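Down below is the structure, laid out as structure tokens.
Because the structure is predicted, anything quoted here is derived from the model rather than measured. In the text below, chain A, chain B and the rest are named by the order of the sequence lines, each starting its count at 1.
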Protein chains: 2
Amino acid sequence: MNTREEALALDAADPLAPLRAQFALSPDTLYLNGNSLGVPPAAAAQRAQVVIAAEWGEGLIRSWNTAGWFTLTKRLGNKLAPLIGAAHNEVVVTDSISVNLFKLLGAALRLQKQRDPKRRVIVAERGDFPNDLYIAQGLISQFDGAYELRLIDDPSELPAALQPDTAVAMLTHVNYRNGAMHDMAALTQLIHQKGALVLWDLAHSAGAVPVDLNGVGADGAVGCTYKYLNGGPGAPGFVWVPHRLQNAFEQPLSGWWGHRAVFTMNPVYEPDDGIGRFLCGTQPIVSMALIECGLDVFLQTDMQAVRDKSLALTDLFIEQVEARCDEFPLRLVTPREHAQRGSQLSFTHPHGYEVMQALIARGVIGDYREPQVLRFGFTPLYTRYADVWDAVEALRDVLVNETWRAAEFAARVAVT
Amino acid sequence: MNTREEALALDAADPLAPLRAQFALSPDTLYLNGNSLGVPPAAAAQRAQVVIAAEWGEGLIRSWNTAGWFTLTKRLGNKLAPLIGAAHNEVVVTDSISVNLFKLLGAALRLQKQRDPKRRVIVAERGDFPNDLYIAQGLISQFDGAYELRLIDDPSELPAALQPDTAVAMLTHVNYRNGAMHDMAALTQLIHQKGALVLWDLAHSAGAVPVDLNGVGADGAVGCTYKYLNGGPGAPGFVWVPHRLQNAFEQPLSGWWGHRAVFTMNPVYEPDDGIGRFLCGTQPIVSMALIECGLDVFLQTDMQAVRDKSLALTDLFIEQVEARCDEFPLRLVTPREHAQRGSQLSFTHPHGYEVMQALIARGVIGDYREPQVLRFGFTPLYTRYADVWDAVEALRDVLVNETWRAAEFAARVAVT
């Protein structure tokens, strides 16, 4: 592509282009960070008003029933299910992804202990999002060394790491740092052949790439709703368990919402049949309700259309960076092969932090991850081909004019 | 009191009366259920718009820093602290009360195991809110019988239950069912004398009665923000740990928000110093932000003023029920002694469920708990003396005319 007009022509022909109007995104913001926080669906502000003024204010306590608050975890889960290849009543939207991973990992270790007590190892990647490793560490720290977290540096080490002592492999489908995507079907098969369960973290997959959890036969998954699903800052995460395992899994966070008879007030916990047993306590309804606004946009398209545009956008970004920023020390660390790429591109630059700050100051919002990584997320529901063109132009400007060397861009501040 | 005019006179003289205007409560709703779900502060709707349109929509990912999202857990905790006798940086608002109880109980068992491995028993009340028992059951179910949950039927059994094998006593300050309040100072002292730690559940205390956690020397507490604190349906709970124990407690839900260096992306979990280690994952910001609207109302009064009015309201309700409903089988199950009463009154009636449904249909909103219990919560920030008069009048009408016998009031529906 040689001109911005060509990008505009792609936008004019894009079947997903009309969906952008369903997001409250300022026309002069060039947002390539939907992999961290999606933008507000236009419906969210109004939905919040209804929840606060009508449901909370007028309905008051009655709204737990009359406004469907009490069943929102399951209703949202069922709406999300088709995006990840899940069946009806296999997903609940609840708690944080961290808490959900703890539940799932705890349940999986317990099931494996019953099946084969020598399976006491969790296999994971050292380069995984550290939070997942922290959750595994905290879980097993309760057991005085009875369990082990075995970290591999490269997926190629997986066959060797999966030993007869392995209980669970915990893997993230699309890596947060470099945007590389695993072959979920092949790895699930491999892990099962070795007698382990496999749990997938879909934080960077749900709404970003097609996922077929039941098709690959995975054993559990967690994900978040505030990235590609546009559910709102810190909106509750989700947990998926296939029907075949739901009643075999006993998770440790056994709160009343997971009880088979919540309101009988029996002092003994009895887990609900089905996915309900993965609930714990009362959920933040205002934040929960807004998740539906994001999911409703996905109902108007399908994940293959989203994927097609995602690959076209990322292909174009790579092409344009290579064409226009070739003289600078930018290195693509995301795989070029489509089958190994999520919906994010990552480049290293020796001054990655400063370059990203300078880009943001210029209105192109991506983010930065240690060490040296510039991340650009592409959300086909609202990202345009012209955005790609403009973002690369801004990047070139920052690099050519070395605006990133300004002192204001050197001070580090935390961003989730 | 013999006339409604006397109640109106009390309202006219009530120093808290002006605060009612700060709540979005319809004039024709008589709401006595703030012990389950508080009403919206008038500021909440506007605050939600700012968070959604300006912070999320305009600020986007930058708002984690620029809008203070990332530090909201601690800022809200510090604002809440004075209501419960906590010091600065001893409280975080985060996750659900259930999840927080799991963290705290897990940390307490672990500390006791280090100090004295034979202490393996959790003492609790069979009549406690079942969720707390469920959380304890789920936690210890991980350890194959190494721990025990010892239930007592009456607080008088506590001295006998606290044996040299007891690690922790887990008690709820004000009981959800009968509104009875424990003597927190005396029980904390007793439990410490027996070498156990004591964790308090403040679900029905925070914002309802004065609490002095540091004054009594408790070891940990959890509470919720959606009842008397008016934080919004299912809004995140809080956890308190005194400075002296913060770094001795290692809690199992070790997510990245509790790491001492969140953004270094180190694969090894290292807990933050201080209360920060009780954080886990990303929080639901829209729901979180609304909690501040409720706390801001408390800044305009103090817990002694709230308590004085609460006792006056509950005294009046008891007096009026006894004066006007004496011929019906209503039995007060909340203690008459002020020192043993929270901010809720409970009465049993053989047809308690139906009576409450009929009352709600008549615009007086309380709630029902198995078995036979009608609950009435009194929130001094917005409940008027005239509301008490009118509620008892409605109750008398329902009982005299037996409107509760209508078929429509028999069908049970779940209410949290």
Examine whether an atom of [X] lies under 4.5 Å from a heavy atom of chain A, and if so say whether it belongs to the side chain, the backbone or both; otherwise answer neither.
X	value
Asp144(B)	side chain
Phe23(B)	neither
Ile97(B)	neither
Ser26(B)	side chain

Is it true that a side-chain atom of [X] and a backbone atom of [Y] form a donor plus acceptor pair closer than 3.5 Å?
X	Y	answer
Glu370(A)	Phe263(B)	no
Trp56(B)	Gly38(A)	yes
Gln137(A)	Glu270(B)	no

For chain A, which candidate among [options] shows the most heavy-atom pairs at distances under 4.5 Å?
options	value
Thr29(B), Asn266(B), Leu60(B)	Leu60(B)
Ile365(B), Thr264(B), Val51(B), Leu139(B)	Ile365(B)
Ser254(B), Pro271(B), Gly57(B)	Ser254(B)
Gly232(B), Pro233(B), Gly138(B)	Pro233(B)

Please flag which part of [X] lies under 4.5 Å from any non-hydrogen atom of chain B: side chain, backbone, both or neither.
X	answer
Ser141(A)	both
Ala24(A)	backbone
Tyr31(A)	side chain
Arg110(A)	side chain
Glu58(A)	side chain
Asn100(A)	neither
Leu25(A)	side chain

Which one wins on heavy-atom pair count under 4.5 Å against chain B: [options]?
options	answer
Pro252(A), Gly127(A), Pro236(A)	Pro252(A)
Ile360(A), Leu253(A), Leu133(A)	Leu253(A)
Glu55(A), Lys113(A), Met288(A), Glu250(A)	Lys113(A)
Asp132(A), Ile140(A), Val268(A), Leu109(A)	Val268(A)

Any chance you could measure [X], atom [atom1], to [Y], atom [atom2], to the nearest 0.5 Å?
X	Y	atom1	atom2	value
Ile135(A)	Trp256(B)	CD1	CH2	11.5 Å
Gln142(B)	Gln251(A)	CD	CD	9.5 Å
Leu32(B)	Ile61(A)	CG	CD1	12.5 Å
Thr282(B)	Asn131(A)	OG1	CG	7.5 Å
Asp367(B)	Arg62(A)	CG	CZ	12.5 Å
Trp69(B)	Leu37(A)	CH2	CG	5.5 Å

**Request:** Using the six-membered ring wherever Trp is involved, compare the ring planes of His259(B) and Tyr134(A) and label them parallel, tilted or perpendicular (cut-offs 30° and 60°).
**Result:** parallel
**Asked** Should the pair Phe102(B) and Phe102(A) be assigned to parallel (<30°), tilted (30 to 60°) or perpendicular (>60°) ring geometry?
**Response** perpendicular
Nearest heavy-atom neighbours spanning [X] and [Y]:
X	Y	value
Ile52(A)	Pro40(B)	O-CG, 4.0 Å
Ser98(A)	Gly281(B)	OG-CA, 3.5 Å
Ala45(B)	Gln49(A)	O-NE2, 3.2 Å

